[in-house]
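Reviewing the structure listed below.
Every heavy atom of this structure was used, including side-chain atoms; hydrogens, water molecules and symmetry mates were not.
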Amino acid sequence: MDKKDIVEVLERIGTMMEIKGENPFKIRAYSAGARTLQTMEEDLGDVIEEGRLGDIPGIGKALTEKIETLYATGELEFYNKLVASVPSGLMDMLDIPGLGGKKIKVLHEKLDVDSIETLTVACQEGRVAELKGFGKKTEEKILSGIKNREAYAARHLWWDAQSMVKKILPGLEELPEVERVEAAGSFRRGMETVGDLDFLVASSNPTPIMDWFTSMDGIVEVTAHGETKSSVRFEGGMQADLRVVPSEQFYFALHHFTGSKDHNVRMRQKALSLGLSLSEWGLRPEEEKDSSRKAGPVEANSEEDIFKALGLQYVPPSLREGMGEVEAAER
DNA sequence: AGGCAAATACTG
DNA sequence: CAGTAT
DNA sequence: GCCT
């Protein structure tokens, strides 16, 4: 099992223990361990090999043993038992903003709630607002969270996303105001499933592009229509965003919106280590207090230029998962 | 053995 | 405002 | 759970 999966297991252990009402400090130890592992730059295999896992602050005897077991076998008795002891419907409830282990535990014990469905009913009947520690406001927040979640959970197969991209991209390319255009996000990274489609355009005249985008066929709702960013939803539920940036920013923005989030974090850390600051806007010398020098931002005429400026080899979108690819691209 | 992050939002 | 959960 |  790789680092990413292990981090996930540790996090789940934490939340499951929370639902079971275990010692908060123990719980904290697991989530802290997960964080530590995730931000560790070294290769997990090497660290285990050299027996240095336990030397890492926040990772003690118990976590070392569990992480090593997961790394070697992909299985963990302790975890399996925990999973079996917590109803899966309760785990689903964790996605609802405002609900954590403690409240879920109360809902389960007092109202027999064991799924999002039973929770919805309990809210509608006003039983949730009666509970100690809950109130009218909490109840409403839960209900709106459930609705919200339905929209958000709708991910689409890459293949379906591609057929949509094939319809939209050529249209954008034809517009005279469009200098460059790419589909970014998880689609560009080639993920199996794609949330929203993310289009990025370079242009100095966004308005006609926005107008075209928000009046395409098949749109059921224009969620946003601003100067440089618009969002639409198509029949079938697919959502698409369009951003227009000045051409100097294009590749920085493309890199940023291609992600992943973890990859971007790593890239920014790398930039900082060189005294530079990377963002969707550009790459420039890190701001220093009380020093107002005017060193201009780095230019990029391709994504390669950004990697090059950081002394890295090019990392293709499909590998940008923040799982060590940035470290591996050091030359 | 005994302590254990910090900020924010909500309940009562 | 204090206590509690996130 | 981890740390002192």
Could you check whether A/L63 gets within reach of a base, just the sugar-phosphate, or nothing at all, counting any heavy atom under 4.0 Å? sugar-phosphate
For A/G98, answer base if it contacts any base atom (sugar-phosphate contacts may also be present), sugar-phosphate if it contacts only those atoms, and nothing otherwise; contact means non-hydrogen atoms under 4.0 Å.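 Touches sugar-phosphate only.
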For DNA chain B, which residues in residues 113-132 of chain A have a heavy atom at a distance below 4.0 Å?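 When residues 113-132 of chain A is checked for heavy atoms under 4.0 Å from DNA chain B, the hits, listed by number, are A/L131, A/K132.
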Any residue in residues 4-24 of chain A with a heavy atom nearer than 4.0 angstrom to DNA chain B? Just list them by number, or reply none. none
[X] [atom1] to [N] [atom2]: how many Å, rounded?
| X | N | atom1 | atom2 | result |
| --- | --- | --- | --- | --- |
| A/K136 | B/dG12 | NZ | P | 13 Å |
| A/L107 | C/dA5 | CG | C1' | 13 Å |
| A/F25 | B/dC4 | CZ | P | 7 Å |
| A/K102 | B/dA9 | NZ | C1' | 15 Å |
| A/L82 | D/dG1 | CG | P | 10 Å |
| A/K26 | B/dG2 | NZ | P | 18 Å |
| A/F134 | B/dC10 | CZ | C1' | 11 Å |
| A/L99 | B/dC10 | CG | P | 13 Å |

Candidate nucleotides B/dT11, C/dA5, D/dG1, ranked by approach to the side chain of A/T138 - the nearest: B/dT11
Closest to the side chain of A/K103, out of B/dC10, C/dA5, D/dG1, is C/dA5
When you group the ILVMFWY residues by side-chain heavy-atom contacts below 4.5 Å and let the links chain together, are A/L157 and A/F187 in the same group? no
Using a cut-off of strictly less than 4.0 Å, decide whether A/R28 has a side-chain nitrogen or oxygen near OP1 or OP2 of D/dC2.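 The answer is no; no side-chain N or O of A/R28 sits under 4.0 Å from OP1 or OP2.
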Looking only at the side chains, is there a donor atom on one of A/R268 and A/H256 sitting less than 3.5 Å from an acceptor on the other?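 Side-chain D/A pair, A/R268 to A/H256: present.
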Side-chain donor-acceptor pair under 3.5 Å between A/T258 and A/R188, yes or no? yes
Aromatic plane relationship, A/F78 with A/Y30 - under 30° parallel, 30 to 60° tilted, over 60° perpendicular: parallel
Which class fits the ring pair A/F307 and A/H263: parallel under 30°, tilted 30 to 60°, perpendicular over 60°?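 Rings of A/F307 and A/H263: tilted, 30 to 60°.
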Among A/K103, A/K136, A/E139, exactly one meets side chain to side chain contact (heavy atoms under 4.5 Å, CB included) together with A/V128. Which residue is that? A/E139
Is the NZ or CZ atom of A/R12 positioned over A/Y79's six-membered ring, under 6.0 angstrom from the centre and within 45° of the axis? no
Please determine whether the number of non-hydrogen atoms from other residues, nucleotides or ligands lying under 6.0 Å from atom CH2 of A/W281 exceeds 12.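 Not more than 12 within 6.0 Å, no.
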Would you say the side chain of A/R180 lies within less than 4.5 Å of the side chain of A/Y251, judging by non-hydrogen atoms? yes
B/dA6 and D/dG1: how far apart are their P atoms, nearest whole angstrom? 24 Å
